[in-house]
Amino acid sequence: MKRLSAFGDPLEVLAQVVDFEAFRPTLVAALAYSDGAKGGRPPYDPVTMLKVLVLAAQNNVSDARMEYLIRDRLSWLRFLGFDLGAPTPDANTIRVFRERLTADGALDTVFADFDRQLKERGYLPMGGQIVDATLVAAPKQRNTEAEKAAVKEGKSAAEIWPDEPAKARQKDTDARWTLKFAKARPTADGRPQPDIAIPSFGYKSSVSICRAFGFIRKGKTTDGARYDGRMLRDVVTGDNTASDVWADTGDCQDFRVWAGIMGKKESHYVPTQGAGNSG
C-alpha cells in the first residue's frame with residue numbers, strides 16, 4: 001500500500017478532498033434500512049456503497065465488472081475500507097443500492113452535494129466535459145403478455161401484483177430493453193464488418209466528467225432505453241470554464257441542446273467515437 005501511495009493514488013486524493021461522511025444522513029434517510037431486529041445479514045455501509053457507485057461511474061464499468069474489480073484492485077479495497085479477503089458487494093447488491101437511491105431521488109441530491117464540495121475545495125470545473133453513458137444490466141423479467149403490457153403502461157409492481165406482495169418486491173418494472181452496439185472484427189482480408197447489436201436489459205447511467213480533474217460533476221440514472229441525446233440536458237453543466245463537450249458521435253444531432261445549456265455562442269461539440277452506449 002505504501003508503494004501505491006508513493007506512485008500517487010488518485011483515490012487517496014479523492015478521499016481527502018471529499019467528505020463522504022457528509023452524505024450519510026441523506027443516504028440513511030433514503031434507504032430506510034431496518035434495525036436488524038429480524039436477523040439476516042446486515043447491509044453494507046451506505047457510504048461505502050456510495051463510493052462503489054462513484055468508482056463505477058468514473059471507470060465506466062458495469063455492476064458485474066465492478067464485483068470483480070473491487071476484489072482485484074488494492075487501491076479500490078483501500079478506498080472502500082475493505083480488508084483483503086473480506087466479503088465485498090456483488091453485482092446484485094450494487095444494482096439494488098443504485099435503484100433505491102434513484103427511486104427516492106437521493107442520487108441527484110448526493111451528486112449536487114458532491115459537486116459543491118469539489119468547488120469549495122478549489123476543484124472548479126475546467127477544460128470542458130466528457131459525457132458518457134454506461135448500460136447497467138438488471139435481472140431479466142419473465143412476465144406474461146398481460147403483465148408486460150401493464151409494465152409498458154407505467155404501472156408499479158404493487159399495482160400489477162396487488163395480491164402477491166412478495167412477488168411484487170422481486171419484480172423490476174423500471175428497467176427496459178435496449179441495444180448495445182459493439183465493433184465486429186474485420187474479415188481475414190481486412191474488410192470491415194457491420195456492428196454487432198447486443199440486446200441488453202437494465203438501466204443507463206449517464207455522467208458528465210470534468211476533463212481537468214477527472215471528477216464526476218453530474219449524473220443521472222434512467223431506464224436502459226433512454227436515448228443518450230435526451231440526457232444531455234440532465235448531465236451537461238453550464239459552469240465549466242471551457243465550452244468543449246466530448247461525447248459519442250451518435251449525439252451530434254443534439255448539439256443544439258448543450259449549446260443552449262452552456263449559454264455561450266462559442267459553445268461547440270467535440271465528438272469522440274465510442275464514448276456512449278458502453279457497458
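What you see below is based on every heavy atom in this structure, not just the backbone, and it leaves out hydrogens, waters and symmetry mates.
Salt bridge absent: D63 and R95 never bring a charged side-chain N and a carboxylate O closer than 4.0 Å. Ionic pairing of K119 and D239 is present here: one or more N-O contacts between side-chain nitrogen and carboxylate oxygen are shorter than 4.0 angstrom. Remark: K204 does not engage D223 in a salt bridge, criterion side-chain N to carboxylate O under 4.0 Å. Between D115 and K218 there is no salt bridge, since none of the side-chain N atoms of the basic residue sits less than 4.0 Å from a carboxylate O of the acidic one.
At a threshold of 4.5 Å between side-chain heavy atoms, the hydrophobic network of Ile, Leu, Val, Met, Phe, Trp and Tyr places V18 and V13 in one connected group. Hydrophobic clustering (ILVMFWY, side-chain heavy atoms < 4.5 Å, transitive): Y44 and V28 are in distinct clusters. A continuous path of Ile, Leu, Val, Met, Phe, Trp and Tyr side chains, each step under 4.5 Å between heavy atoms, connects M126 with I209, placing both in one hydrophobic cluster. One hydrophobic cluster, built from ILVMFWY side chains closer than 4.5 Å, holds both L74 and L14. Follow the hydrophobic side-chain contacts under 4.5 Å out from V96 and you never reach L27; the two are in separate clusters.
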What verdict does the side-chain contact (heavy atoms from CB on, under 4.5 Å) test give for R78 and L11, after you've listed the backbone C-alpha separation in whole Å, the side-chain angles of each residue and the deciding distance to 0.1 Å?
CA-CA 9 Å; R78 177 169 65 179; L11 293 181; over 6 Å; no
Would you check, one step at a time, whether the test side-chain contact (heavy atoms from CB on, under 4.5 Å) holds for D174 with E99?
CA-CA 9 Å; D174 297 315; E99 288 178 1; over 6 Å; no
The test is side-chain contact (heavy atoms from CB on, under 4.5 Å); show your working for V207 and V131 and say whether it passes.
CA-CA 6 Å; V207 296; V131 177; over 6 Å; no
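A salt bridge (Lys or Arg N to Asp or Glu O under 4.0 Å) check over residues 140-150, counting only residues at least two apart or in different chains, returns the pairs E145-K148, E147-K167.
Note that the CZ atom of R98 and the CG atom of L50 stand 11.0 Å from one another [nearest 0.5 Å]. Remark: W76 CH2 to I70 CD1 distance equals 7.0 Å, nearest 0.5 Å. Note: S206 OG to R226 CZ = 9.0 Å, rounded to the nearest 0.5 Å. Note: L101 CG to T26 OG1 = 10.0 Å, rounded to the nearest 0.5 Å. Note that CD1 of I216 is 11.5 Å distant from SG of C210, once rounded to the nearest 0.5 Å. Put simply, CD on Q193 and OG1 on T187 are 5.5 Å apart, with the number rounded to the nearest 0.5 Å.
D113 places no side-chain N or O within 3.5 Å of a backbone atom of R116 that could act as its donor or acceptor partner. Panel note: side chain R217, backbone S208; no donor-acceptor pair is recorded below 3.5 Å. Checked by atom type and distance alone, the side chain of N240 pairs as donor or acceptor with a backbone atom of G128 at under 3.5 Å. Between the side chain of N59 and the backbone N or O of L55, at least one donor-acceptor pair lies under 3.5 Å. In this structure, the side chain of E159 engages the main chain of S156 through a donor-acceptor pair within 3.5 Å. For D45 (side chain) and T48 (main-chain N/O), a donor-acceptor pair under 3.5 Å exists by modelled atom type. Checked by atom type and distance alone, the side chain of E67 pairs as donor or acceptor with a backbone atom of A91 at under 3.5 Å. In this structure, Q129 contributes its side chain and T237 its backbone to a donor-acceptor pair below 3.5 Å.
Annotation: F79 is in aromatic contact with F20 [ring centroid separation under 6.0 Å].
A 4.5 Å side-chain heavy-atom check between R176 and F201 finds every atom pair outside the cut-off. Counting heavy atoms from C-beta on, the side chains of V47 and E21 come closer than 4.5 Å. In this structure the side chain of V17 never reaches within 4.5 angstrom of the side chain of Q117, judged on heavy atoms. The shortest distance between side-chain heavy atoms of K171 and Q141 falls below 4.5 Å. Here the side chains of P199 and W177 are in contact, with some heavy-atom distance below 4.5 Å. Using a 4.5 Å heavy-atom threshold, the side chains of R121 and D19 count as touching.
When all heavy atoms of L31 and P46 are compared, the pair lying nearest together is CD1-CB, 3.6 Å. Between V136 and S205, the closest heavy-atom pair is CG2-CB, 4.3 Å. The shortest non-hydrogen separation linking R100 to A32 is NH2-O, 4.2 Å. Across every non-hydrogen atom of A182 and I198, the tightest pair is CB-CD1, 4.2 Å. Contact between I160 and T173 at its shortest, heavy atoms only, is CD1-CG2, 4.1 Å. Listed here is the closest heavy atom pair of V61 and M66: CG2-SD, 3.4 Å.
With Y203 as reference, D172 is the one residue of T221, T222, D172 to meet the side chain to side chain donor-acceptor pair (under 3.5 Å) rule.
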